[in-house]
Amino acid sequence: MGKRFELTNATHINEVTVGGNDRDFEHMLDDFLERMSHVDRKLSLDTQKKILRDSTADAIKSLRAKVRTSYKKHTGYAVRSVRAKTKESRSQRGTVYTTYGYRDKHLPDIHNKNIINRNGDYRVRPKPATYIGIWGDLGTKKIRGRSVLRLEWQAHKERIKKKLEEQILKLMDSGFLNK
């Protein structure tokens with residue numbers, strides 16, 4: 001009678017039936033390891049970045065909406081500047097992680113028409129993302145922080161984790177099929 005093994009945590013492989021002797025089981029494990037080597041090739045940095053971007057897309061949309069409702073007045077630049085950034089880990093090569101943030105790139109300088117520098121130019125004020133991302137979000141001595149980034153991340157944490165698992169399992173399945 002053959003041995004029967006069930007993998008309870010993996011939805012992509014429901015059950016594995018193995019023949020009566022250990023050689024068949026060993027052959028099955030060798031085949032499994034060979035297929036896993038194909039999966040490993042697919043997990044390049046670009047693939048990891050794409051998976052992270054896709055899994056956090058809903059959270060980014062929600063974060064933009066939350067910023068719009070939290071900071072209604074004069075914050076058009078700040079609302080557009082919310083994004084998720086995928087970076088390569090410095091401590092572990094080949095590992096990519098994602099962060100939420102506010103950016104000020106490609107925004108025109110905001111000149112304060114009332115204050116003139118020593119050079120005779122108008123003083124450049126901090127851009128809206130600086131106000132919201134640092135002072136408004138984290139807070140200062142006189143301003144209570146709103147923690148929009150942290151709260152949105154916590155609200156979407158389980159959904160992001162579920163999407164990541166689904167996409168990685170899908171990638172593994174395609175690796176198993178492309179033997």
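We use all heavy atoms of the structure for the numbers below, so side chains are in, but hydrogens, waters and symmetry mates are not.
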Any side-chain heavy atom of [X] sitting closer than 4.5 Å to one from [Y]?
X    : Y    : answer
I51  : D54  : no
T99  : T86  : no
V82  : Y100 : no
N114 : Y122 : no
H111 : D121 : no
R53  : T98  : no
L63  : W153 : no
V96  : K87  : no

[atom1]-[atom2] distance between [X] and [Y], expressed to the nearest 0.5 angstrom:
X    : Y    : atom1 : atom2 : answer
E88  : K49  : CD    : NZ    : 7.0 Å
D58  : I160 : CG    : CD1   : 8.5 Å
K161 : E166 : NZ    : CD    : 13.5 Å
Q167 : S55  : CD    : OG    : 5.5 Å
K170 : I168 : NZ    : CD1   : 12.5 Å
R64  : R83  : CZ    : CZ    : 10.5 Å

Which atom of A84 lies closest to which atom of T56, heavy atoms considered
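So the minimum-distance heavy-atom pair works out to CB-OG1, 4.1 Å.
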
Work out which heavy atom in I110 is nearest to a heavy atom in P126; give both atom names and the distance.
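In terms of heavy atoms, the two residues are closest at CD1-O, 4.3 Å.
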
Applying side-chain contact (heavy atoms from CB on, under 4.5 Å), can you list everything that pairs with T140, at least two apart in sequence or on another chain?
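T140 satisfies side-chain contact (heavy atoms from CB on, under 4.5 Å) with W135, I143 once adjacent residues are dropped.
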
Carboxylate-amine/guanidinium contact [X] [Y], below 4.0 Å:
X    : Y    : result
D109 : K127 : yes
K50  : D46  : no
R150 : D137 : no

Between S62 and E152, is any side-chain donor less than 3.5 angstrom from a side-chain acceptor?
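Their side chains do contain a donor-acceptor pair, which is all the 3.5 Å distance test asks for.
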
Could you see if L45 belongs to whatever hydrophobic cluster contains Y97? Use Ile, Leu, Val, Met, Phe, Trp, Tyr and a side-chain cutoff under 4.5 Å.
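No: no chain of side-chain contacts under 4.5 Å links L45 to Y97.
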
Within a radius of less than 6.0 Å around NZ of K66, do more than 12 heavy atoms belonging to other residues, nucleotides or ligands occur?
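Atom NZ in K66 is not crowded, with 12 or fewer foreign heavy atoms closer than 6.0 Å.
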
Tell me, with the steps shown, if N112 and V124 meet side chain to side chain contact (heavy atoms under 4.5 Å, CB included).
CA-CA 6 Å; N112 192 340; V124 177; over 6 Å; no

